[in-house]
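Within every chain, numbering begins at 1; the chains are lettered A, B, ... in the order of the sequence lines, protein sequences first and strands thereafter.
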Number of protein chains: 2
Amino acid sequence: MSPTANDPPVNYGVLLFPGFQALDAFGPLDILNMVSQTMPVKFSIIAPTLEPVSTQVKAMAHTIGQSIVPTHSLANPPEDLEVLLVPGGKGTRDLEATEELVEFLRATYPKLRYLLTICTGSSLAARAGILDGKKATSNKMVFKWVMSVHEGVDWVTKARWVTDGNIWTASGISAGMDMMYAFVSEMYGEDVAAEIAQRSEYVRNTDSTDDPFSDLVEV
Amino acid sequence: MSPTANDPPVNYGVLLFPGFQALDAFGPLDILNMVSQTMPVKFSIIAPTLEPVSTQVKAMAHTIGQSIVPTHSLANPPEDLEVLLVPGGKGTRDLEATEELVEFLRATYPKLRYLLTICTGSSLAARAGILDGKKATSNKMVFKWVMSVHEGVDWVTKARWVTDGNIWTASGISAGMDMMYAFVSEMYGEDVAAEIAQRSEYVRNTDSTDDPFSDLVEV
């Protein structure tokens with residue numbers, strides 16, 4: 001049992017924005033929803049405003065999406081947030097529109113116990129300066145772009161996910177689920193993670209260094 | 001190229017209800033969202049009413065959830081629906097509350113080109129009589145309950161997913177993604193499915209008979 005397993009976090013939140021990748025968020029959140037069946041969990045959905053926020057990619061007007069209802073706005077975030085999840089998605093490419101997210105992360109990170117990013121969510125954390133001097137990873141097919149948005153991060157191109165201190169960063173989209181199972185295992189014990197994966201009929205990758213997609217990186 | 005690859009469906013919908021399993025829906029939908037970047041896709045979210053519908057399990061008041069905004073109600077569903085996705089989740093256990101979903105499926109199935117269920121979503125299709133005499137599958141840990149809700153279905157206990165005519169049924173939660181990739185491969189061609197899986201860094205199970213969780217069935 002890890003030290004945190006005796007004092008696991010309770011207050012979780014996810015940071016959503018237009019054009020977030022649905023599975024980046026709902027892969028890990030489905031696991032967290034199941035954790036909440038047996039463990040105390042509080043949960044917030046933080047977005048630019050309280051208006052429903054869509055996965056739809058604005059720059060690709062013909063694409064489809066789904067809209068999620070936030071519980072908090074960036075201006076009035078929840079207090080006592082312990083764990084924040086940050087998905088990626090094509091929405092992260094709009095550097096101007098996402099600047100308010102970057103500012104929120106810069107202000108919020110020091111109060112968190114854990115920050116978890118999925119896919120290009122790590123580009124937002126990088127721009128906030130949070131990853132300076134830290135190891136981190138991201139989506140393999142857009143790694144070059146992620147590296148270009150901010151200097152000073154020790155990017156790891158071969159990893160399913162990376163942990164450095166209290167920051168966990170996952171590779172592209174689906175990798176968020178493997179990272180979240182590892183996080184649940186560390187916070188609540190491997191038995192809790194294993195039981196949820198079984199109920200979810202999910203074949204886990206439990207080795208963070210086993211990355212079948214690292215060859216896709218063009219650096 | 002399969003016959004359908006020349007005339008793939010355009011009009012998709014998902015049927016949501018209180019207590020649906022987030023990943024049952026958003027696993028396949030994330031793939032469909034990416035299909036829509038290169039193929040014509042129209043998409044509807046159908047729910048009992050137009051009120052946001054939550055994954056939260058009502059019978060477990062302490063659990064967390066996320067709320068999705070429907071585009072259509074059961075009373076005014078979209079016209080020309082070609083493909084309907086039906087997730088499962090603990091919400092399916094309330095036989096009284098879900099009766100209106102069962103009636104909707106019974107009325108809608110004859111007009112569809114394809115019906116796809118994930119996890120215990122197949123219990124709703126079974127109750128609608130749609131699976132009578134057909135092969136189908138479901139979540140392995142609650143298979144016994146699913147079999148109990150309706151007689152006359154040829155349940156397959158060892159399958160990642162099952163196709164019978166125009167009905168595709170997936171096993172528990174995560175299996176919906178493998179089924180959806182197979183569906184996309186058949187509709188649009190394997191190159192489209194493979195490209196999306198690569199961008200999603202998803203390790204596919206492409207063999208519908210390869211079921212790592214069939215031993216969990218207690219029948």
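Among A:I31, A:N139, A:V57, the residue with the largest count of heavy-atom pairs under 4.5 Å with chain B is A:N139. Of the listed residues (B:S171, B:S54, B:P52, B:G27), the one with the most heavy-atom contacts under 4.5 Å to chain A is B:S171. Your options are B:D178, B:T71, B:V41, and the one with the most heavy-atom pairs under 4.5 Å with chain A is B:V41. Listed options A:R160, A:M177, A:K90, A:H62 were ranked by heavy-atom pairs under 4.5 angstrom with chain B; first place goes to A:H62. Of the residues considered (A:F43, A:Y202, A:F26), A:F26 shows the highest number of contacts with chain B, using heavy-atom pairs under 4.5 Å.
Between the CE atom of A:M141 and the OG atom of B:S200 there is a distance of 11.5 Å, given to the nearest 0.5 Å. Distance check: B:L23 CG to A:L23 CG gives 6.5 Å after rounding to the nearest 0.5 Å. One finds the CG atom of B:L216 at 12.0 Å from the CZ atom of A:R199 (value rounded to the nearest 0.5 Å). From B:N33, atom CG reaches atom CD of A:Q66 across 4.0 Å, with rounding to the nearest 0.5 Å.
The contact between B:I45 and chain A is made entirely by side chain atoms (from C-beta outward), counting heavy-atom distances below 4.5 Å. Heavy atoms of B:S67 lying under 4.5 Å from chain A belong to its backbone as well as its side chain. With a 4.5 angstrom heavy-atom cutoff, A:L32 touches chain B via backbone and side-chain atoms both. Contact annotation for B:Q198: both backbone and side-chain heavy atoms come within less than 4.5 Å of a heavy atom of chain A. With a 4.5 angstrom heavy-atom cutoff, A:Q56 does not touch chain B via any of its atoms. With a 4.5 angstrom heavy-atom cutoff, A:T55 touches chain B only via side-chain atoms. With a threshold of 4.5 angstrom between heavy atoms, B:I68 approaches chain A through its backbone and through its side chain.
When all heavy atoms of A:S174 and B:E201 are compared, the pair lying nearest together is CB-O, 3.5 Å. The shortest heavy-atom contact between A:V69 and B:V69 is CG2-CG2, 3.8 Å.
Heavy-atom contacts from other residues, nucleotides or ligands closer than 6.0 Å to NZ of B:K134 number more than 12. Around CD of B:E51, the count of heavy atoms belonging to other residues, nucleotides or ligands within 6.0 Å does not exceed 12. Taking a 6.0 Å sphere around NZ of A:K42, one finds it holds 12 or fewer heavy atoms contributed by other residues, nucleotides or ligands. For A:K158, the NZ atom counts as densely surrounded, since its 6.0 Å shell holds more than 12 non-hydrogen atoms of other residues, nucleotides or ligands.
Judged purely by distance below 3.5 Å, without hydrogens or angles, the side chains of A:T63 and B:S36 never pair a donor atom with an acceptor atom.
Looking at A:I173 and B:M34, their side chains come closer than 4.5 Å, going by heavy atoms from C-beta outward. Within the 4.5 Å cutoff, no side-chain heavy atoms of B:N205 are placed close to those of A:V203.
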